[in-house]
Amino acid sequence: MSSVKSADGTTISYDVYGEGQPLILVDGATAHRAVNPLNAETAELLSDQFRTYVYDRRGRGESTDTAPYDVQREIEDIAALIEDAGRPAIVLGGSSGSLLALDAAAAGLPITKVIAFEPPVIVDDSRPPLPADYVEQLEAHIAAGHPDLAAEFFFTAAIGMPPEAVAGMRQSPYFQPVVDVAHTISYDGRIMGSTMSGHPLTTDRWSAIDVPVLVLQGDQTWPALAAGAQAMAAHLPTATLKIVPGADHSADMKVLASAIREFAG
């Protein structure tokens, strides 16, 4: 395990695999190295061609955190990893991590290409939108000392699980790891902004992106996310859409690694 210091002094912990073109993998909400082995598996598959960074986003796993939170701080975290790599990088984000990757490219970081896997974009009425006060409700639960309620709210409001299913999930081994990082769920809510509002994407957020973008959509994913991926690909002038066979909101790592190789050129 290695680490870098971000601009505000936050320690960002990471593992690196292989040598070659730098590739940074950005997790979505609640995920980090201890609970999500898929990034490491992907990195191992790509170790002959890429120097792949698998890191814990701030506030999760072995990375530290510094208040107050701002999305710009997470962009600076990616900048610190790219500086460690010593050359421009490809950045791949999953779910809300894909929006952070796009934000980093729009901010002018030395990024050569962006891969956005299943961005959390809802542009129609095929599912309920996120509540307008989603972030505020999450932060209220945390402030009141109830990270479990923040986790429940994430599962119902963002993921769309029925309340009774979440109640049952409390007894599973998968619930506590989410509770442990529940204070960071609002971070991803801030990153998403209005992308899950059911309205068209705003025109100015990523207008500065001039590098190639690959939007990946699983062919087994929820219809709302499929429509969102298609909207994202149409929205970004430099983007192309690729359908990933057999994938929903996660993908077989061998299939994902193949798509990365093809896009990297």
Side-chain angles (χ1 to χ4, degrees), residues 1 10 12-15 25-42 54-65 67 69 71 74 77 93-100 117-122 127-193 195-196 218 220-225 228 247-253 256:
M1 189 272 289
T10 300
I12 302 300
S13 298
Y14 69 88
D15 294 314
L25 305 185
V26 185
D27 269 318
T30 76
H32 55 93
R33 290 175 300 165
V35 300
N36 176 26
L38 301 182
N39 282 347
E41 292 176 21
T42 303
V54 179
Y55 76 104
D56 292 337
R57 285 176 51 191
R58 59 174 53 213
R60 309 181 197 173
E62 295 182 307
S63 291
T64 62
D65 206 356
Y69 178 78
V71 176
E74 292 220 61
D77 299 344
S95 192
S96 51
S98 68
L99 304 182
L100 179 56
F117 180 83
E118 291 265 317
V121 173
I122 307 299
R127 58 147 281 170
L130 275 187
D133 62 347
Y134 174 70
V135 168
E136 289 77 11
Q137 288 198 55
L138 287 168
E139 293 180 343
H141 288 313
I142 298 300
H146 298 298
D148 57 324
L149 297 183
E152 284 191 357
F153 186 55
F154 165 69
F155 283 121
T156 55
I159 305 301
M161 292 178 63
E164 58 272 17
V166 178
M169 191 178 182
R170 274 182 169 270
Q171 312 308 316
S172 81
Y174 304 106
F175 189 72
Q176 187 58 46
V178 176
V179 174
D180 292 341
V181 296
H183 62 287
T184 70
I185 298 174
S186 66
Y187 299 178
D188 289 82
R190 293 185 182 279
I191 289 166
M192 289 189 296
T195 63
M196 290 185 66
Q220 303 298 312
T221 198
W222 299 299
L225 285 183
D248 44 34
H249 205 49
S250 62
D252 179 275
M253 296 304 101
L256 183 60

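Computed from heavy atoms alone, side chains included, the values below leave out hydrogens, waters and symmetry copies.
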**Student:** Does any part of the side chain of M192, heavy atoms only, come nearer than 4.5 Å to the side chain of L99, both counted from C-beta?
**Tutor:**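 Result yes, sub-4.5 Å side-chain heavy-atom pair found.
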**Student:** Any side-chain heavy atom of Q176 sitting closer than 4.5 Å to one from V179?
**Tutor:**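 Yes, side chains in contact.
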**Student:** Quick one, D15 with M1, criterion side-chain contact (heavy atoms from CB on, under 4.5 Å). Give me CA distance, side-chain angles, the key distance, then yes/no.
**Tutor:** CA-CA 5 Å; D15 294 314; M1 189 272 289; 3.9 Å; yes
**Student:** Would you please test D188 and S186 for side-chain hydrogen bond (donor to acceptor under 3.5 Å, both in side chains) and show each step?
**Tutor:** CA-CA 5 Å; D188 289 82; S186 66; over 6 Å; no
**Student:** Dump the intermediate steps for side-chain contact (heavy atoms from CB on, under 4.5 Å) on I185 and V178, then the final yes or no.
**Tutor:** CA-CA 9 Å; I185 298 174; V178 176; 4.3 Å; yes
**Student:** CZ/F175 to CZ/R170 distance, rounded to the nearest 0.5 angstrom?
**Tutor:**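 One gets 4.5 Å once the value is rounded to the nearest 0.5 Å.
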**Student:** Rounded at 0.5 Å granularity, tell me how far CZ in F117 sits from OG1 in T221.
**Tutor:**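 Answer rounded to 0.5 Å: 7.5 Å.
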**Student:** Can you tell me how far apart CD1 (I12) and CD (E74) are? Round to the nearest 0.5 Å.
**Tutor:**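 Atom-to-atom, I12:CD1 and E74:CD are 7.5 Å apart.
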**Student:** Look up atom CZ in R190 and atom OG in S96, then write down how far apart they are to the nearest 0.5 Å.
**Tutor:**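 Reported to 0.5 Å precision, the distance equals 14.0 Å.
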**Student:** Could you pull out the closest heavy-atom pair between V54 and R33, with the gap in Å?
**Tutor:**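 In this case the closest contact between V54 and R33 is O-CD, 3.4 Å.
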**Student:** What pair of heavy atoms forms the shortest contact from S98 to G93, and how long is it?
**Tutor:**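 Shortest heavy-atom separation between S98 and G93 comes out as CB-O, 3.2 Å.
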**Student:** Start with the C-alpha gap between I122 and L225, add the side-chain angles, then the distance that decides, and say whether side-chain contact (heavy atoms from CB on, under 4.5 Å) holds.
**Tutor:** CA-CA 6 Å; I122 307 299; L225 285 183; 4.1 Å; yes
**Student:** Can you tell me how far apart OH (Y55) and CD (E62) are? Round to the nearest 0.5 Å.
**Tutor:**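 Interatomic distance, Y55 OH to E62 CD, rounded to 0.5 Å: 15.5 Å.
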**Student:** Within the structure provided, determine whether E152 and H141 are in side-chain contact (heavy-atom separation under 4.5 Å).
**Tutor:**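 No, side chains not in contact.
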**Student:** Between R127 and W222, is the side-chain contact (heavy atoms from CB on, under 4.5 Å) condition met? List the steps.
**Tutor:** CA-CA 10 Å; R127 58 147 281 170; W222 299 299; over 6 Å; no
**Student:** Out of curiosity, R60 CZ to T184 OG1, how far, rounded to the nearest 0.5 Å?
**Tutor:**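 Between R60 CZ and T184 OG1, I get 4.0 Å after rounding to 0.5 Å.
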**Student:** Which pair of heavy atoms, one from A31 and one from V35, lies closest together, and at what distance?
**Tutor:**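 Heavy atoms of A31 and V35 come nearest at CA-CG2, 4.1 Å.
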**Student:** Would you say the side chain of D77 lies within less than 4.5 Å of the side chain of R57, judging by non-hydrogen atoms?
**Tutor:**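 Side-chain contact under 4.5 Å: no.
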**Student:** State whether the side chain of S63 and the backbone N or O of D56 hold a donor-acceptor pair below 3.5 Å, judged by distance alone.
**Tutor:**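 Here the side-chain-to-backbone pair exists.
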**Student:** Determine the minimum heavy-atom distance between M253 and T42, stating which atoms define it.
**Tutor:**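 The pair with the smallest heavy-atom distance is SD-OG1, 2.8 Å.
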**Student:** For P120, does its backbone N or O pair with a side-chain atom of T195 as donor and acceptor, under 3.5 Å?
**Tutor:**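 It does hold such a pair.
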**Student:** Taking H183 for the side chain and G59 for the main chain, is one N or O donor matched with an acceptor at less than 3.5 Å?
**Tutor:**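 A pair under 3.5 Å: yes.
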**Student:** For the pair Y134 and F153, name the ring-plane relationship: parallel under 30°, tilted 30 to 60°, perpendicular over 60°.
**Tutor:**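 Ring orientation of Y134 relative to F153: tilted.
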**Student:** Which heavy atom of A132 sits nearest a heavy atom of E136, and at what distance?
**Tutor:**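 For A132 versus E136, the nearest heavy atoms are O-OE1, 4.0 Å.
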